[in-house]
Amino acid sequence: MAGFFTWLWDWLLWVFWATEMDVTIIGLQNAGKTSLVRVLAGNEFTVDSLPTVAFNKKEVKKGHVSIKCWDLGGQPRFRSMWERYCRGVNAIIFVVDAADKNAIPVAKEELHDLLSKPTLEGIPLLVLGNKSDLPNKLSVDDLIDQLDLKSVVHREISCYGISAKEETNLEAVLQWLVARSGK
């Protein structure tokens, strides 16, 4: 019976206080962006995700918040689109493969290039070090240092280690997003 009341409460919240937000998820190819969106949307993790061509859109519901996620391709030919899809969103999520240390310098360059765009000033940034379940992954502190996140100013910024595969820290990601839904 308690489940019914929880469902009823969630439904009432949704009907009367529903909030929508837009989030753009970017990062280099193979960082795990699509897997992250699939798992956040309540689907199974799959090992054999195909690379995203251009973009995917998925809706994630958390309590009374509906989060429209724009998952953009990370291959070099799609990176020029990132800025256009990041304009006017409630938050930007930058996903990094924390176990691919060779990709970090390119990720840093692409992230800082994107954040330098005047159209994106002030949009909160969430950096996710994905694949935290793998050996030899970078810690959150290492990611902050190697991506030079402390030099990012004029915006709120957070950094978490996650694993889309193991669903590690995904509740914290959703809470972070929901907290910014009213901004």
Side-chain angles (χ1 to χ4, degrees), residues 21-41 43 45-60 67-132 134 136-138 140 142-165 169-170 173 176-177 180 183:
M21 70 182 297
D22 288 298
V23 173
T24 301
I25 301 173
I26 55 171
L28 303 184
Q29 66 273 23
N30 302 318
K33 300 175 298 297
T34 302
S35 295
L36 171 65
V37 173
R38 283 183 50 77
V39 173
L40 286 176
N43 298 310
F45 174 85
T46 56
V47 176
D48 56 354
S49 279
L50 295 171
T52 301
V53 175
F55 66 89
N56 290 318
K57 181 182 163 200
K58 198 97 159 161
E59 197 155 336
V60 175
I67 306 167
K68 280 188 267 177
C69 298
W70 296 92
D71 166 22
L72 301 184
Q75 297 86 347
R77 70 181 184 271
F78 298 124
R79 295 177 196 162
S80 63
M81 295 178 10
W82 289 359
E83 187 256 345
R84 186 173 2 143
Y85 283 91
C86 289
R87 289 182 209 153
V89 297
N90 298 83
I92 298 169
I93 299 176
F94 189 76
V95 182
V96 179
D97 180 343
D100 186 357
K101 294 177 180 146
N102 294 330
I104 299 297
V106 177
K108 173 187 170 185
E109 183 180 326
E110 293 291 346
L111 176 62
H112 285 272
D113 180 53
L114 181 73
L115 296 179
S116 72
K117 310 288 189 219
T119 54
L120 306 182
E121 192 170 312
I123 298 174
L125 173 70
L126 178 59
V127 176
L128 300 177
N130 192 23
K131 305 183 186 181
S132 66
L134 296 179
N136 301 319
K137 86 280 184 188
L138 292 170
V140 169
D142 289 338
L143 278 173
I144 290 169
D145 288 342
Q146 292 191 26
L147 294 172
D148 194 21
L149 297 181
K150 290 181 179 171
S151 73
V152 176
V153 293
H154 305 302
R155 79 178 66 242
E156 179 184 357
I157 185 167
S158 296
C159 184
Y160 297 150
I162 64 159
S163 169
K165 181 180 181 182
N169 244 0
L170 298 190
V173 169
W176 189 92
L177 289 170
R180 278 132 199 95
K183 292 186 179 181

Check: [Y] main-chain N/O paired with [X] side-chain donor or acceptor under 3.5 Å:
| X | Y | answer |
| --- | --- | --- |
| Asp97 | Lys131 | no |
| Lys165 | Leu134 | no |
| His112 | Leu147 | yes |
| Lys33 | Leu28 | yes |
| Thr119 | Arg87 | no |

Please assess Leu36 against Leu170 for the test side-chain contact (heavy atoms from CB on, under 4.5 Å), listing each intermediate value before the final yes or no. CA-CA 9 Å; Leu36 171 65; Leu170 298 190; 3.6 Å; yes

Do Val96 and Gln146 have side chains that approach each other closer than 4.5 Å (heavy atoms only, starting at C-beta)? no

In the structure I gave you, are the side-chain heavy atoms of Leu143 and Ile104 within less than 4.5 Å of one another anywhere? yes

Nearest 0.5 Å please: distance from the [atom1] atom of [X] over to the [atom2] atom of [Y].
| X | Y | atom1 | atom2 | result |
| --- | --- | --- | --- | --- |
| Ile123 | Cys86 | CD1 | SG | 7.0 Å |
| Ile92 | Thr24 | CD1 | OG1 | 6.5 Å |
| Trp176 | Ile93 | CH2 | CD1 | 7.0 Å |
| Trp82 | Leu111 | CH2 | CG | 8.5 Å |
| Leu125 | Leu149 | CG | CG | 7.0 Å |
| Leu177 | Leu126 | CG | CG | 6.5 Å |

Residue pair Ala31 / Asn130: nearest heavy atoms and the distance that separates them: O-ND2, 2.9 Å

Which residue, Ile25, Val23, Leu120, Asp22, forms the side chain to side chain contact (heavy atoms under 4.5 Å, CB included) with Val89? Asp22

Stepwise side-chain contact (heavy atoms from CB on, under 4.5 Å) test for Asn30 and Asp100: CA-CA 10 Å; Asn30 302 318; Asp100 186 357; over 6 Å; no

Any Lys/Arg nitrogen of Lys117 or Glu83 sitting under 4.0 Å from an Asp/Glu carboxylate oxygen of the other? no

